[in-house]
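Each remark here refers to the structure printed beneath this line.
A note on names: the letters A, B, ... follow the listed sequences, proteins ahead of strands, and every chain is numbered from 1.
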2 protein chains.
Amino acid sequence: MKNIPSSEIIAWFKGLQNDICRDLEILDGKAKFQEDLWERPGGGGGRTRVIKGGNILEKGGVNFSLVEGDLSEPMAKALKVEKAEKFKATGVSIVLHPKSPMVPIIHMNVRYFELSNGTYWFGGGIDLTPHYVDKEAAKLFHEHLSDACENTKAGYYDRFKEWADNYFFIPHRNETRGIGGIFFDRLHHESEGLNPDQLWHFVQDVGESFIPAYKEQALRFKDKEYGENELKWQRLRRGRYAEFNLVWDRGTKFGLESNGRTESILMSLPPEAHWDYDVQPKEGSREEETQSLLKKGIDWLGQ
Amino acid sequence: MKNIPSSEIIAWFKGLQNDICRDLEILDGKAKFQEDLWERPGGGGGRTRVIKGGNILEKGGVNFSLVEGDLSEPMAKALKVEKAEKFKATGVSIVLHPKSPMVPIIHMNVRYFELSNGTYWFGGGIDLTPHYVDKEAAKLFHEHLSDACENTKAGYYDRFKEWADNYFFIPHRNETRGIGGIFFDRLHHESEGLNPDQLWHFVQDVGESFIPAYKEQALRFKDKEYGENELKWQRLRRGRYAEFNLVWDRGTKFGLESNGRTESILMSLPPEAHWDYDVQPKEGSREEETQSLLKKGIDWLGQ
């Protein structure tokens with residue numbers, strides 16, 4: 001069976017970006033995406049779409065990019081691949097920071113990479129960062145991901161959920177970024193025991209799970225009341241989000257170090273973050289409960 | 001001539017911390033430092049002192065630490081030193097974020113490192129990050145550093161000023177963190193053509209230049225008027241400060257990756273930071289002028 005042509009993947013990713021932007025504008029009911037088209041000097045470019053000041057979405061981005069060209073020595077080293085002539089990398093990346101501290105932050109990425117020597121892989125992930133963890137809502141979120149995973153292969157959810165727990169982790173805080181989700185990288189149909197179509201459909205299922213999974217969270221919490229206490233906590237949690245992205249996220253790191261488009265990469269940062277010395281949530285508070293749930297290995301489906 | 005005993009260096013660093021905290025409290029006139037003593041499981045510990053909510057200082061820290069113990073393989077690798085039995089590292093680190101956007105952010109560090117095999121070195125630096133660059137004030141700041149440098153050895157200022165330009169640089173923004181200052185690392189008296197006393201006095205001169213250099217800046221700008229526009233710009237510049245510290249600062253990186261005390265390391269972060277997509281200062285504005293001065297190689301003394 002033949003591999004999926006990159007042209008098909010690229011077209012589908014662009015379509016996904018369109019669909020998600022449209023659905024998010026409807027969901028938000030106020031803000032509209034602003035688009036920036038950009039070109040990469042070495043080859044390729046992107047379609048950065050950012051949104052701000054919405055009813056629900058305070059700041060966010062839904063970005064498509066396709067970068068291609070000569071594979072440099074440092075890039076080959078960073079990617080741990082053998083030297084090849086050319087590479088192509090394409091994907092859709094999303095981060096949404098809601099206005100309300102009661103609504104979770106969400107991130108999604110699906111990506112495809114290929115080398116002119118025939119190597120290719122898919123990667124991606126979705127994870128949710130509630131400012132306040134609600135166990136029932138966390139279960140609903142993970143159910144969407146479990147469905148997307150198990151639809152392709154039994155065991156995928158457990159495997160990619162564990163991967164997310166390890167990836168979306170802030171070592172210097174000894175806490176996860178949020179309630180996790182799924183994460184996967186360097187998936188090739190052969191090593192997965194799938195045919196090319198099956199693997200590609202899995203990636204598509206992940207991409208398509210974004211809107212239903214996030215819409216459910218946003219609608220559930222968007223009208224929940226909050227005050228200065230919740231906003232203060234949100235700003236501290238946003239600081240942790242910035243810490244993860246700037247210190248530990250391999251995608252951000254690779255982008256910034258390889259001279260990627262800074263404004264597109266850093267659209268993931270929150271609109272605002274606060275840092276204070278050694279903040280400890282009050283005993284018995286909802287903040288303390290959330291803090292206690294920011295750890296690996298929680299069985300959100302079965303709790 | 002004998003090397004300076006580490007006990008003498010440690011005692012002097014603690015004294016420097018005391019002096020600087022006292023002088024900053026007097027300068028601020030309102031806020032007082034809070035002290036946290038901490039111990040490091042592998043050996044050593046520190047005296048973290050933080051300040052907040054002052055007349056001038058919104059958030060800052062003046063930290064002393066002495067960490068010592070067995071030198072692990074990864075540490076030896078990260079420090080690019082041959083394996084030795086034991087190490088000792090001590091220093092004073094300062095970052096101050098002023099309330100007013102008209103007053104600059106300042107950073108200083110002086111440090112000493114030794115191995116049980118007899119290797120030792122000094123490192124350190126001071127740099128200033130004005131939210132608004134004022135050329136005359138920048139000159140005054142660099143004059144303090146030039147005096148501290150040239151007092152020990154002709155050429156030190158130029159050498160360490162260039163080093164600071166390269167170190168306090170944000171590659172993904174293609175801008176310097178501020179107007180620079182001086183930076184030096186791994187100085188040993190032999191390779192510097194000095195005797196141990198001369199090198200040690202140089203480090204002391206740098207430490208002692210902090211208060212006069214910063215006091216002058218704070219007093220010059222503390223009563224300058226500002227409004228929402230300046231505060232907005234300050235929050236964006238604080239975002240850049242956080243980006244530098246979290247993405248590029250080798251000290252922060254080393255600390256976070258080697259399981260250092262997170263709250264002491266991240267006292268350097270601003271109280272608040274904002275990110276917005278692709279902000280461009282208005283043509284002809286003071287913000288644009290500052291942006292144009294955030295580059296390497298400016299001769300602040302001779303401009």
Side-chain angles (χ1 to χ4, degrees), chain A residues 33-36 38 48-53 58-63 95 97 170-175 231-232 235-236 238-249 252-280, chain B residues 33-36 38 48-53 58-63 95 97 170-175 231-232 235-236 238-249 252-280:
Chain A
F33 280 93
Q34 303 294 315
E35 181 177 270
D36 259 359
W38 52 273
T48 292
R49 290 192 188 153
V50 295
I51 194 164
K52 67 172 180 176
E58 183 174 340
K59 177 175 180 287
V62 178
N63 296 347
V95 175
H97 290 278
I170 313 175
H172 66 269
R173 298 292 188 181
N174 193 30
E175 65 185 31
L231 286 166
K232 200 174 158 192
R235 292 188 288 255
L236 284 174
R238 284 171 164 184
R240 299 293 168 95
Y241 207 88
E243 287 177 27
F244 175 80
N245 285 16
L246 295 173
V247 181
W248 299 102
D249 184 54
T252 303
K253 217 170 174 123
F254 180 75
L256 295 180
E257 287 175 1
S258 66
N259 214 5
R261 186 174 185 267
T262 297
E263 289 294 341
S264 301
I265 299 165
L266 297 187
M267 67 83 184
S268 66
L269 294 174
E272 183 183 17
H274 280 214
W275 283 278
D276 198 357
Y277 178 75
D278 205 19
V279 176
Q280 304 294 346
Chain B
F33 280 92
Q34 302 294 315
E35 181 177 271
D36 260 0
W38 53 275
T48 293
R49 291 193 188 151
V50 295
I51 193 162
K52 66 172 179 177
E58 183 174 340
K59 176 176 181 288
V62 178
N63 297 346
V95 176
H97 290 278
I170 313 174
H172 67 270
R173 298 292 187 181
N174 193 30
E175 65 185 33
L231 285 166
K232 200 174 157 190
R235 292 188 288 254
L236 285 174
R238 284 171 164 183
R240 300 292 169 95
Y241 207 88
E243 287 177 29
F244 176 81
N245 285 16
L246 295 174
V247 181
W248 298 103
D249 184 54
T252 303
K253 219 170 173 121
F254 180 75
L256 295 181
E257 287 175 0
S258 66
N259 216 6
R261 186 173 185 268
T262 297
E263 289 294 341
S264 300
I265 299 166
L266 296 187
M267 66 84 180
S268 66
L269 293 175
E272 182 185 16
H274 279 214
W275 283 278
D276 198 356
Y277 177 74
D278 205 18
V279 177
Q280 304 294 346

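- With a threshold of 4.5 angstrom between heavy atoms, A/L266 approaches chain B through side-chain atoms but not through N, CA, C or O.
- Enclosure of atom NZ in A/K253 by more than 12 non-hydrogen atoms of other residues, nucleotides or ligands within 6.0 angstrom is indicated.
- Contacts with chain B were tallied for A/N245, A/N174, A/D36; A/D36 has the most, counting heavy-atom pairs under 4.5 Å.
- Residue B/V247 touches chain A through both its backbone and its side chain, counting heavy-atom pairs closer than 4.5 Å.
- Contacts classified as salt bridge (Lys or Arg N to Asp or Glu O under 4.0 Å) and involving residues 269-280 of chain A (residues at least two apart or in different chains) are given here: A/D276-B/K52.
- Between chain B and the residues A/A242, A/G255, A/P271, the largest count of heavy-atom pairs under 4.5 Å involves A/P271.
- Between A/E263 and B/W275 the shortest side-chain heavy-atom distance does not fall below 4.5 Å.
- Taking B/R261, B/R238, B/Q34, B/M267 one by one and counting their heavy-atom pairs under 4.5 Å with chain A, the maximum is reached by B/R261.
- Taking B/V279, B/T252, B/L269 one by one and counting their heavy-atom pairs under 4.5 Å with chain A, the maximum is reached by B/L269.
- Heavy atoms closer than 4.5 Å to chain A are found in both the backbone and the side chain of B/P270.
- Contact of B/T48 with chain A is made through the side chain alone, with heavy-atom distances under 4.5 Å.
- Taking NE2 of A/H172 as the start and CD1 of B/I265 as the end, the distance is 8.5 Å to the nearest 0.5 Å.
- With sequence neighbours left out, A/R240 forms a side-chain hydrogen bond (donor to acceptor under 3.5 Å, both in side chains) with A/E175.
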